[in-house]
Student: 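Just dropping this structure here.
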Amino acid sequence: MTDTIDNIGKDFIRQIIIADNASGKHDGNVVTRFPPEPNGYLHIGHVMSICLNFGIAEEFNGRCYLRFDDTNPVKEDQDFVDSIMADVHWLGFDWEDRLTHAADYFEDLYSCAVKLIEDGKAYVDSLSAGQIREYRGTLTEPGKDSPHRDRSVEENLDLFRRMRAGEFDDGAYVLRARIDMAAPNMNLRDPALYRIRKINHQQTGNAWSIYPMYDFAHTVSDALEGITHSLCTLEFEDHRPLYEWILDNLDLPNRPRQIEFSRLNVAYGITSKRKLAALIEGGFVSGWDDPRMPTVAGMRRRGYTPQSIRNFVRNAGVTKKDKLIEMGALENCVREDLNQIAPRAMAVLNPLKVVFLNHPQGEMEMLPAMNHPNNPELGVREIPFGREIFIERDDFMEDPPRKFFRLRPGGEVRLRYAYIIKCVDVIKNDAGEILEVHCTYDPDTKSGRPGADRKVKGTIHWVSADESVTVEVRLFDRMFTLANPDANHEGKTVADFLNPDSLNVVSEARVEPALVGMEPGTHVQFERLGYFLIDTKDSQPGQPVFNRVVTLRDSWAKIEKAQLAEI
RNA sequence: UGGGGCGUAGCCAAGUGGUAAGGCAUCGGGUUUUGAUCCCGUGUACCGCAGGUUCGAAUCCUGCCGCCCCAGCCA
């Protein structure tokens with residue numbers, strides 16, 4: 001593992017770890033943590049961090065903590081901690097006994113703050129939030145010292161103790177690090193360490209009336225847990241000097257190293273918690289687990305698998321370059337996984353009735369169909385075939401373009417696992433709409449018999465008109481009309497970029513009867529249509545609701561588009 | 001106009017001074033009772049630009065350009 005050859009092709013973070021292990025920096029220990037704030041649901045961006053932190057711990061025989069960064073009780077909630085734990089487990093990672101909270105360290109944090117005060121490295125400020133902002137200066141002008149910056153250690157200690165005791169109102173005082181008001185890095189202009197918040201905390205109740213700020217709590221928590229490599233996203237790069245300053249000025253048992261990587265963004269999606277919440281509040285989606293949401297809960301409900309999401313993240317890589325990855329890359333991983341495991345079945349989304357004029361009335365037969373053409377172990381099922389069936393409206397065209405090899409007047413097509421049929425008549429209403437299609441079927445071409453070997457251009461899917469069951473199917477499309485709705489578009493809100501067709505509910509789809517007994521949460525491929533999941537929330541016994549996870553790749557759609565472009 | 005970071009093909013990404021891997025997408029072709037799967041093949045990437053060092057530069061140096069982040073008592 002210390003061989004330099006092993007570095008080749010590894011991402012820069014793993015290379016650093018390999019080098020650290022080689023030099024004996026942490027005695028070969030690798031300890032990481034995933035530190036979410038419980039103020040929202042996990043999304044695809046978090047998955048990157050989860051896979052990195054837990055994945056690295058696994059690979060290097062290390063440990064990974066799940067630590068809730070719960071330092072701001074006004075925004076945090078137990079529902080969020082529950083959902084985060086469920087999501088991390090679902091993704092396939094295990095923190096074992098390493099579930100912690102920043103709140104576990106509140107007492108230690110307090111002691112650390114006292115030490116900083118005693119050393120003259122921190123002071124209690126009485127400036128208001130607005131005044132502090134004014135004193136901070138701007139990006140190009142230095143700030144100026146607070147008039148309270150030189151309070152005596154005794155006075156600071158007394159004030160800080162009374163802040164804890166709840167003697168003051170919110171905002172009356174704040175504990176600040178004493179660093180440099182002229183620092184070019186804004187994070188070093190005497191950043192706040194503690195603020196007063198007289199509010200119940202979901203872990204500590206009313207035990208505290210002051211809460212530590214992120215930079216302070218996070219750094220000390222990392223050190224106390226023995227974190228060796230503290231991995232975070234790029235926006236915290238500017239905070240690293242403060243992270244180092246805190247480590248330099250406290251006697252902590254361990255010195256972690258912060259390393260930053262770029263976030264993962266998926267085109268046509270968002271990862272801003274505020275915007276995600278706005279979608280819910282605006283009623284544009286049904287909740288955090290709406291199948292269109294880029295949350296882990298949404299992807300699970302939609303039918304994405306943990307394996308496919310993990311593969312996607314692995315393919316994306318770890319770098320410091322801004323990423324905006326095409327949706328197709330994610331969908332491809334989903335297809336790749338589902339292709340292996342999903343049994344096949346037939347369903348018709350937009351039914352068109354076909355009547356076989358040469359089929360005896362009232363007779364019905366059962367035809368065997370493979371549950372997976374490339375994997376015979378998945379077995380065979382029987383599907384009913386009779387005088388009347390439904391086919392997809394799109395699979396019949398009166399006046400088709402070239403290269404269309406499905407059903408047309410006078411033309412032949414093969415019915416999957418059944419017979420070759422021929423269209424002999426088209427029945428329309430007065431408005432010219434097609435009501436049904438009359439065909440003949442060729443009994444000699446029954447699937448599996450020698451007569452079935454005849455070459456026919458197309459094969460289409462179908463269901464029995466009498467024996468199929470009507471179900472609801474939900475089709476999803478991208479949530480937004482812009483590839484990067486997360487970017488700043490001045491004056492616009494997410495509502496301005498919503499795709500009005502992101503949800504298409506098909507209430508009268510027809511499926512094989514065998515599907516009705518399947519459990520919610522089961523994946524299935526509807527042949528030629530896509531992969532579907534039986535919805536875990538809205539399905540009722542005997543009344544499944546199907547979510548389309550992703551379509552199959554569709555080369556006909558490309559040909560059709562190209563032909564349209566020629567016109 | 002302060003500080004920090006990033007620029008290798010449409011999207012990701014390897015490359016760590018010796019002459020540009022790989023994946024996805026695209027476009028061809030083969031197999032196929034899913035226009036799926038599977039299998040083959042397919043890219044002159046002025047390595048952001050311009051100079052310099054070197055026998056040799058995507059890799060080192062200088063200057064420039066473009067994009068991202070930072071002025072919460074949020075994380």
Student: Is the distance from OP1 or OP2 of B/A75 to the nearest side-chain N or O of A/Arg195 less than 4.0 Å?
Tutor: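 It does, given that an N or O in the side chain of A/Arg195 lies less than 4.0 Å from OP1 or OP2 of B/A75.
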
Student: Between B/G15 and B/U59, how far apart are the two C1' atoms, rounded to whole Å?
Tutor: 8 Å

Student: Checking all strands, does A/Arg414 fall into the base, sugar-phosphate, or nothing category for heavy-atom contacts under 4.0 angstrom?
Tutor: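 Base contact - A/Arg414 has a heavy atom under 4.0 Å of at least one base atom.
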
Student: Could you tell me whether A/Met346 contacts a base, only the sugar-phosphate backbone, or nothing, with contacts defined as non-hydrogen atoms closer than 4.0 Å?
Tutor: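 The answer is nothing, as A/Met346 stays clear of every strand by at least 4.0 Å.
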
Student: Rounding to a whole Å, what distance do you find between A/Lys558:NZ and B/G28:C1'?
Tutor: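 Roughly 12 Å, once rounded to whole Å.
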
Student: Report which part of the nucleic acid A/Glu237 touches: base, sugar-phosphate, or nothing (heavy-atom distance under 4.0 Å, all strands).
Tutor: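 Touches sugar-phosphate only.
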
Student: Quick one: does A/Arg414's side chain have a donor or acceptor within less than 3.5 Å of a partner on A/Ile420's backbone?
Tutor: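 Looks like no, no N/O pair under 3.5 Å.
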
Student: Classify the nucleic acid contact of A/Ser447 as base, sugar-phosphate or nothing, counting any heavy atom under 4.0 Å across all strands shown.
Tutor: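 A/Ser447: base contact, heavy atoms under 4.0 Å.
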
Student: Is any side-chain N or O of A/Arg335 closer than 4.0 Å to OP1 or OP2 of B/A36?
Tutor: no

Student: Should A/Arg136 be listed as having a side-chain N or O under 4.0 Å from OP1 or OP2 of B/C73?
Tutor: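 For B/C73, OP1 or OP2 has a side-chain N or O of A/Arg136 closer than 4.0 Å.
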
Student: Choose from B/U33, B/A13, B/A71 the nucleotide whose nearest atom is closest to any side-chain atom of A/Arg416.
Tutor: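 Side chain of A/Arg416 sits closest to B/U33.
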
Student: Kindly say if A/Lys321 contacts the phosphate of B/U8, meaning a side-chain N or O under 4.0 Å from OP1 or OP2.
Tutor: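 It does, given that an N or O in the side chain of A/Lys321 lies less than 4.0 Å from OP1 or OP2 of B/U8.
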
Student: Would you state whether a donor and an acceptor, one from the side chain of A/Thr140 and one from the base of B/U1, lie under 3.5 Å apart?
Tutor: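 Result: no qualifying N/O pair found.
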
Student: Heavy atoms only, 4.0 Å cut-off, all strands: where does A/Gln15 land among base, sugar-phosphate and nothing?
Tutor: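 The residue A/Gln15 makes base contact.
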
Student: Please classify the nucleic acid contact of A/Lys455 as base, sugar-phosphate, or nothing, using heavy-atom distances under 4.0 Å.
Tutor: sugar-phosphate

Student: OP1 or OP2 of B/G35 versus the side-chain N and O atoms of A/Arg553: is any pair under 4.0 Å?
Tutor: no

Student: Give one of base, sugar-phosphate or nothing for A/Pro373, where a contact means two heavy atoms less than 4.0 Å apart.
Tutor: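 Touches a base.
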
Student: Which of these passes side chain to side chain donor-acceptor pair (under 3.5 Å) with A/Ser230: A/Gln258, A/Arg240, A/Glu260, A/Arg33?
Tutor: A/Arg33

Student: Ring centres under 6.0 Å, that's the criterion: do A/Tyr173 and A/Phe168 meet it?
Tutor: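 Yes; A/Phe168 has its ring centre under 6.0 Å from that of A/Tyr173.
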
Student: A/Phe404 near the nucleic acid: base, sugar-phosphate alone, or nothing, with a heavy-atom cut-off under 4.0 Å?
Tutor: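 Here A/Phe404 touches the bases of the nucleic acid.
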
Student: Quick check on B/C6: is either OP1 or OP2 less than 4.0 Å from any side-chain nitrogen or oxygen of A/Ser262?
Tutor: no

Student: If you compare every side-chain N and O of A/Arg189 against the phosphate oxygens of B/A71 (OP1, OP2), does one of them come in below 4.0 Å?
Tutor: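 No.
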
Student: For A/Gly448, report the nucleic acid contact type (base, sugar-phosphate, nothing); a contact means any heavy atom under 4.0 Å.
Tutor: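 Answer is base: heavy atoms of A/Gly448 come under 4.0 Å of a base.
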
Student: With a 4.0 Å cut-off on heavy atoms, is A/Arg406 in touch with a base, just the backbone sugar-phosphate, or nothing at all?
Tutor: base

Student: Counting side-chain heavy atoms from C-beta on, which of B/G2, B/C11, B/C73 comes nearest to A/Pro184?
Tutor: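 Minimum distance to the A/Pro184 side chain belongs to B/G2.
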
Student: May I ask you to verify if any side-chain N or O of A/Lys320 is less than 4.0 angstrom from the OP1 or OP2 atom of B/C68?
Tutor: no

Student: Step through the shown structure and confirm whether more than 12 heavy atoms of other residues, nucleotides or ligands are within 6.0 Å of CZ on A/Arg393.
Tutor: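 Buried by this count: over 12 neighbours within 6.0 Å.
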
Student: What does A/Leu193 touch in the nucleic acid at a heavy-atom separation under 4.0 angstrom: a base, only the sugar-phosphate, or nothing?
Tutor: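 Nothing: the residue A/Leu193, judged by heavy atoms under 4.0 Å, touches no strand.
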
Student: Which part of the nucleic acid, if any, lies within reach of A/Ile460 when heavy atoms closer than 4.0 Å are counted: base, sugar-phosphate only, or nothing?
Tutor: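 No contact at all - A/Ile460 keeps every heavy atom at 4.0 Å or more from the nucleic acid.
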
Student: Just call it for A/His239: base, sugar-phosphate, or nothing, with non-hydrogen atoms closer than 4.0 Å on any strand.
Tutor: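 A/His239: base contact, heavy atoms under 4.0 Å.
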
Student: What about A/Glu141: does its side chain form a donor-acceptor pair under 3.5 Å with the base of B/G2?
Tutor: no

Student: B/G3 base to A/Asp238 side chain: any donor-acceptor pair below 3.5 Å?
Tutor: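 Answer yes: a donor N or O sits under 3.5 Å from an acceptor.
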
Student: Touch check for A/Ala129, heavy atoms < 4.0 angstrom, all strands: base, sugar-phosphate only, or nothing?
Tutor: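 Answer is base: heavy atoms of A/Ala129 come under 4.0 Å of a base.
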
